[in-house]
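Below: the structure, in structure tokens.
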Amino acid sequence: MRAIQVYEVGGPEVLREAEVDQPRPGPGEAVVEVAASGVNFLDVYHREGRYSLPLPFTPGSEGAGTVVDVGPGVTDVAVGDRVGWVEVPGTYAERAVVDSSRLVPLPDDIDFETAAAVLLQGMTAHYLVKDAYPVQRGDTVLVHAAAGGMGLLLTQLVTRLGGRVIGTTSTTAKAELAKRAGAAEVILSSAVDDLAAEVRRLNGGRGLPVVFDGVGAHTFDASLASLRTRGHLVLFGAASGAVPPFDPIRLAHGGSLTLIRPSLGDFIADRSELLRRAADVFEWVRSKALEVTVTGRYALSEAARAHSDLEARRTTGKLLLVPDAAAVGRREETRS
């Protein structure tokens, strides 16, 4: 079968299409024919070696497709089931082996592309606004990169919970997307000299209770400076690079601030929590509380271009790798 392989860490050019052996399921595992795989910054971190994986490896950690084989002892799914998954390596391929306990059955009204586009980021947004910092009605929050796939979902959910979003984007076109998602104010980060001062100006001179920051190095200082006394910085990503080491006394000097660096895996550690969060996300999609925006579809052989586009911020919304677009269409038409 075809798969993307990484033989050495580095830039997008290390993503190479290769012929590899068909996977076989072991005990408790299922083989899934991949219909669509989400492209995320986590995949970039793996490719760069920031988060180390044994070489060679197949990138990708989020996808959706159809179960085609199961190993001994599998009871969670059966051959023919439509499923999605997150935080499982090896999805930039035509088929993937997944621990059956990590597979999420897809409702009939959720198609493969929607599932691959929304599960990882949707469940991340879920735990961010429900657990990392429970957003309250009336909260004004800062969402960095508000027109990205993650930013658009966060903006929608914060607004749905009664919060007010100040977003940051890099272009006026992206600012319009963020506003359509519900952002009350959008700051063009390249157009202001002091981002934190502009945030406070838009909030009547006051700091914020929380900042959701998936950008990292480029925004960290401004994020801290945007908070009120006892405010919370939720640092859930590092799209611009890792935050350098810093003295925790900065949190005290900023007004007894708190910093959390959460990871989705810790919030879906058991199957019941995984299924509960996924069910909430699917219901939000079904009720239109969340609108999933897929703005880029790439063939498997175009994985390097997908990464380049993502890293260069040439994209908004969600990017997908689709190994066999024609076959996916035929399956979805047959199901409907």
Side-chain angles (χ1 to χ4, degrees), residues 1-24 31-65 84-99 102 113 116-117 119-121 124 145 148-150 170 214-218 235-244 261 263-265 294-325 328:
M1 71 169 189
R2 294 178 304 138
I4 298 299
Q5 292 276 276
V6 173
Y7 299 96
E8 58 182 352
V9 297
E13 71 280 357
V14 304
L15 299 171
R16 302 174 187 171
E17 187 177 15
E19 290 288 333
V20 300
D21 292 338
Q22 290 277 355
R24 298 286 183 266
V31 174
V32 184
E33 183 179 2
V34 180
S37 178
V39 179
N40 299 288
F41 269 103
L42 177 63
D43 310 337
V44 174
Y45 304 157
H46 288 152
R47 190 207 73 217
E48 293 176 336
R50 195 182 309 179
Y51 296 167
S52 179
L53 291 177
L55 295 169
F57 67 87
T58 297
S61 58
E62 170 189 39
W85 64 92
V86 301
E87 300 244 318
V88 176
T91 63
Y92 286 15
E94 292 181 311
R95 291 189 174 189
V97 174
V98 183
D99 185 318
R102 308 313 293 167
E113 287 198 1
L119 268 176
L120 190 148
Q121 291 180 333
T124 297
M150 191 69 230
S170 57
V215 176
H218 290 175
L235 184 69
F236 64 91
S240 67
V243 174
R261 181 57 175 90
S263 178
L264 174 61
V294 177
T295 57
R297 294 171 177 81
Y298 301 78
L300 200 58
S301 59
E302 298 176 306
R305 184 165 68 88
H307 275 223
S308 294
D309 289 347
L310 181 66
E311 291 178 87
R313 301 183 182 277
R314 288 190 289 266
T315 64
T316 58
K318 185 72 176 188
L319 308 184
L320 297 177
L321 291 187
V322 182
D324 186 350
V328 172

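The side-chain contact (heavy atoms from CB on, under 4.5 Å) search around S263 returns D266, not counting sequence neighbours. With sequence neighbours excluded, the residues that form a side-chain hydrogen bond (donor to acceptor under 3.5 Å, both in side chains) with D43 are Y92. Residues satisfying the side-chain hydrogen bond (donor to acceptor under 3.5 Å, both in side chains) criterion with R50, sequence neighbours excluded, are E48. A search for salt bridge (charged side-chain N to carboxylate O under 4.0 Å, His left out) contacts involving R305 returns E302, D309, not counting sequence neighbours. Every side-chain contact (heavy atoms from CB on, under 4.5 Å) that A64 has, sequence neighbours left out, goes to L106, F112, A115, A116. Remark: A242 engages no residue in a side-chain contact (heavy atoms from CB on, under 4.5 Å) (not counting sequence neighbours). Partners of A117 under the side-chain contact (heavy atoms from CB on, under 4.5 Å) rule, at least two apart in sequence or in another chain, are V292, V294, K318, L320. Scanning for side-chain hydrogen bond (donor to acceptor under 3.5 Å, both in side chains) contacts around T58 gives Q5, with sequence neighbours left out. Taking the side-chain hydrogen bond (donor to acceptor under 3.5 Å, both in side chains) definition, one finds that Y7 meets it with nothing, sequence neighbours left out. For E19, the salt bridge (charged side-chain N to carboxylate O under 4.0 Å, His left out) test picks out no residue, with sequence neighbours left out.
Closest approach of A306 to L321, counting heavy atoms only: CB-CD2, 4.3 Å. Shown here for A93 and M1, the closest heavy-atom pair between the two residues is CB-CE, 4.0 Å. Nearest heavy-atom pair across G216 and L235 is CA-CD1, 4.1 Å. A pairwise comparison of heavy atoms in L310 and N40 identifies CD2-C, 3.9 Å as the closest pair. In plain terms, the two heavy atoms of P323 and V34 that are nearest each other are CG-O, 3.7 Å. Between L15 and P59, the shortest heavy-atom contact is CD2-CG, 3.7 Å.
V322 places a side-chain heavy atom less than 4.5 Å from the side chain of E113. Annotation: side chain of V88 is not in contact with side chain of D99 (no heavy-atom distance under 4.5 Å).
Panel note: side chain R16, backbone V6; no donor-acceptor pair is recorded below 3.5 Å. A donor-acceptor pair is defined here as one N or O able to donate and one able to accept, closer than 3.5 Å; such a pair exists between the side chain of S240 and the backbone of V215.
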* Might you work through the side-chain contact (heavy atoms from CB on, under 4.5 Å) test for M150 and F236, ending with a clear yes or no? => CA-CA 10 Å; M150 191 69 230; F236 64 91; 3.5 Å; yes

* side-chain contact (heavy atoms from CB on, under 4.5 Å) between T91 and E62: does it pass, once the steps are laid out? -> CA-CA 6 Å; T91 63; E62 170 189 39; 5.6 Å; no

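How far CG of L55 is from CD of E8: 8.5 Å, rounded to the nearest 0.5 Å. In this structure, R47 CZ and I4 CD1 are separated by 12.5 Å, a value rounded to the nearest 0.5 Å. Distance check: S61 OG to L119 CG gives 11.5 Å after rounding to the nearest 0.5 Å.
Counting only residues at least two apart or on different chains, the ring-ring contact (aromatic ring centres under 6.0 Å, His included) pairs with a member in residues 44-63 are Y45-Y51. Applying the salt bridge (Lys or Arg N to Asp or Glu O under 4.0 Å) test to pairs two or more places apart or on separate chains, those with a residue in residues 85-96 are R2-E94.
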